[in-house]
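Only heavy atoms go into these numbers, but all of them, side chains included; no hydrogens, no water, no symmetry mates. A, B, ... follow the sequence lines: proteins, then strands. Residue 1 opens every chain.
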There are 2 protein chains.
Amino acid sequence: MKRQLANIILFHRKRSGLTQVELAEMAGVGKNMVYELEKGKQSIQLDNILRVLQVLNIELTFQSPLRESFMKEHPDADC
Amino acid sequence: MKRQLANIILFHRKRSGLTQVELAEMAGVGKNMVYELEKGKQSIQLDNILRVLQVLNIELTFQSPLRESFMKEHPDADC
DNA sequence: AATTATTTCCCTGCTAACAGGGGAATACCA
DNA sequence: TGGTATTCCCCTGTTAGCAGGGAAATAATT
């Protein structure tokens, strides 16, 4: 997961034909943010990352053994 | 996804019998971080969130239509 | 009810993320 | 090869995340 996020964002941005600056503007963040994101910087605020991911149509999900088994018994729980 | 992260963390912390302070110490972050995380604060650094998730054995994954179709053709790609 | 544990929410100082600018380096064309 | 587009990486000032302390509010335990 270290550089995974960086790779995913780079991959999706290139595929969508956007430059770093264009992506930054669409996401409402600074251009250096996008640059550092793709460089693999970890200390970036979640909300900024989410803005970028939203533009690229990338979804973020959480998984854990505990969660899976719980959701099986409570299908309508929001957690 | 707004409060989802907060709920997941709270749920897992309770299940593991940890207090906010204990979780914070194990994750190597401040106690207020954990409190704000569970309150749903979005502007938190990703690396700090990941430290907390790691303690609780929660995994983070990315999904997108583009990614799925690409991984099908390149099963060993790391992106 | 009384005691203890935990959470909530103040506060302070430090630090680094952030936006935005700019220039050099590199990549991408015609 | 020359020109353009894009990326890389520096800089500056602002701002807010962060750790840590502490105290009131709430929850849990006996």
Side-chain angles (χ1 to χ4, degrees), chain A residues 1-62 64 66-67 70 74 77-79, chain B residues 1-62 64 66-67 70 74 77-79:
Chain A
M1 155 87 200
K2 176 77 181 61
R3 309 229 36 210
Q4 197 182 4
L5 178 59
N7 289 336
I8 291 176
I9 290 177
L10 174 62
F11 175 73
H12 281 75
R13 180 176 64 80
K14 285 296 186 186
R15 278 265 174 145
S16 59
L18 291 172
T19 66
Q20 289 179 348
V21 175
E22 288 170 338
L23 174 57
E25 283 172 352
M26 290 184 68
V29 301
K31 65 180 185 7
N32 291 328
M33 255 273 321
V34 175
Y35 166 67
E36 285 168 344
L37 248 182
E38 292 185 353
K39 273 290 166 182
K41 189 174 181 181
Q42 297 282 300
S43 52
I44 296 186
Q45 317 230 8
L46 179 63
D47 54 348
N48 285 332
I49 296 176
L50 291 178
R51 286 198 193 97
V52 172
L53 292 183
Q54 200 166 6
V55 172
L56 299 175
N57 198 27
I58 303 172
E59 201 177 342
L60 210 123
T61 58
F62 309 95
S64 83
L66 191 55
R67 185 172 144 79
F70 182 80
H74 307 80
D78 182 32
C79 78
Chain B
M1 155 85 198
K2 175 76 183 63
R3 310 227 37 205
Q4 196 182 5
L5 178 58
N7 289 336
I8 291 176
I9 290 178
L10 174 63
F11 175 73
H12 280 76
R13 179 177 65 79
K14 285 296 185 187
R15 278 265 174 143
S16 59
L18 292 172
T19 67
Q20 289 178 348
V21 174
E22 287 170 337
L23 174 56
E25 284 171 352
M26 290 184 68
V29 300
K31 68 179 185 2
N32 291 328
M33 254 276 318
V34 175
Y35 166 68
E36 285 169 342
L37 249 182
E38 292 185 352
K39 273 290 165 181
K41 187 175 186 183
Q42 295 282 301
S43 52
I44 296 185
Q45 317 227 8
L46 178 63
D47 53 350
N48 284 333
I49 296 176
L50 290 178
R51 286 199 193 97
V52 172
L53 292 184
Q54 200 166 6
V55 171
L56 298 174
N57 199 27
I58 303 173
E59 200 178 345
L60 211 123
T61 58
F62 308 96
S64 83
L66 192 55
R67 186 172 144 81
F70 181 79
H74 307 78
D78 182 31
C79 76

Minimum-distance nucleotide to Asn48(A) side chain [options: dC18(C), dC8(D), dT6(C)]: dC18(C)
When every non-hydrogen atom of Ser64(B) is compared with those of Asn57(A), the smallest separation belongs to CB-O, 3.3 Å
Of the listed nucleotides (dG17(D), dT8(C), dC18(C)), which one gets closest to any side-chain atom of Ile44(A)? dC18(C)
If you check every side-chain atom of Lys31(A), which of dC9(C), dC9(D), dC18(C) has the closest atom? dC9(D)
Answer whether the closest heavy-atom distance between the side chains of Leu5(A) and Ile9(A) falls below 4.5 Å. yes
Atom CD of Glu25(B) and atom C1' of dC18(D) are separated, to the nearest Å, by 16 Å
Could you check how far CD of Gln45(A) sits from C1' of dA19(C), rounded to whole Å? 13 Å
For Gln20(B), which contact category applies under a 4.0 Å heavy-atom criterion: base, sugar-phosphate, or nothing? base
Between Lys41(A) (NZ) and dC10(D) (P), how many Å, whole number? 12 Å
Think Thr19(A) has a side-chain N or O under 4.0 angstrom from the OP1 or OP2 of dT6(D)? no
Interatomic distance, Asp47(A) CG vs dG17(D) P [rounded to whole Å]: 8 Å
Expressed as a whole number of angstroms, how long is the span from Tyr35(A):OH to dG20(C):P? 18 Å
Calculate the interatomic distance between Glu38(B) atom CD and dT7(C) atom C1'; express it in whole Å. 10 Å
Pairing pattern in dot-bracket form [Watson-Crick, G-U; both distances under 3.5 Å; | = partner strand] for DNA chain D: ||||||||||||||||||||||||||||||
Looking only at dT8(C), dT7(D), dG17(D), the nucleotide nearest the Lys39(B) side chain is dT8(C)
Have a look at Glu36(A) and say if it touches a base, only the backbone sugar-phosphate, or nothing, with a 4.0 Å heavy-atom cut-off. nothing
Calculate the interatomic distance between Glu22(B) atom CD and dT6(C) atom C1'; express it in whole Å. 10 Å
Identify which nucleotide among dC18(D), dC9(C), dT7(C) has an atom closest to any side-chain atom of Asn32(B), counting heavy atoms from C-beta outward. dC9(C)
According to side chain to side chain contact (heavy atoms under 4.5 Å, CB included), who are the partners of Glu22(B), at least two apart in sequence or on a separate chain? Leu18(B), Thr19(B)
Whole-Å distance, Arg13(A) CZ to dT7(D) P, equals 4 Å
Shortest non-hydrogen contact from Gln20(B) toward Arg13(B): N-NH1, 3.4 Å
